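Scroll down for the structure; my scribbles are underneath it.
Note that the structure is predicted; figures quoted are calculated from it, not measured.
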Amino acid sequence: NDERTDAQVEYWAAFERLKTEHPNEAAAWDVYHHQDVDDHEEVARLLGISVVNSYKRVSRAQAWLKLYVLEARQQEES
């Protein structure tokens with residue numbers, strides 16, 4: 001349970017960083033994952049972007065989040 005709590009803390013810290021550094025990707029990620037709109041056509045409609053941009057933004061958001069979590073873990077280990 002502590003690992004799950006740690007993972008949640010890591011995730012939300014990474015998401016906050018994403019919102020600051022890449023707000024467009026964060027907005028798409030928020031709609032797609034946090035608001036459970038698992039349809040890129042609907043994400044695109046809600047954000048006023050193309051479906052292709054929805055896919056790109058969600059994909060980039062996922063990559064940034066993974067990077068931020070890895071960086072945070074490396075900092076903790078040093």
Shared ILVMFWY cluster between [X] and [Y], side chains joined below 4.5 angstrom?
| X | Y | answer |
| --- | --- | --- |
| Y11 | Y32 | yes |
| L47 | L18 | yes |
| V58 | F15 | yes |
| W64 | W12 | yes |

Can you tell me how far [atom2] of [Y] sits from [atom1] of [X], rounded to the nearest 0.5 angstrom?
| X | Y | atom1 | atom2 | result |
| --- | --- | --- | --- | --- |
| E71 | R73 | CD | CZ | 12.5 Å |
| E10 | L70 | CD | CG | 9.0 Å |
| I49 | K56 | CD1 | NZ | 10.5 Å |
| L67 | R17 | CG | CZ | 6.5 Å |

Can you name the closest pair of heavy atoms from [X] and [Y] and give their distance?
| X | Y | answer |
| --- | --- | --- |
| V37 | V43 | O-CG2, 3.5 Å |
| D36 | H33 | OD1-O, 3.2 Å |
| H40 | S54 | ND1-OG, 2.7 Å |

Can you establish whether the number of heavy atoms outside E21 located under 6.0 Å from its atom CD is more than 12?
yes
CD of E3: more than 12 outside heavy atoms within 6.0 angstrom?
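Incorrect, the count does not exceed 12.
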Decide yes or no for E16 and T20: does some side-chain heavy atom of the first lie under 4.5 Å from some side-chain heavy atom of the second?
no
With side chain to side chain contact (heavy atoms under 4.5 Å, CB included) as the test, would you mind laying out the steps for W29 and R57 before giving the verdict?
CA-CA 7 Å; W29 185 263; R57 288 181 184 185; over 6 Å; no
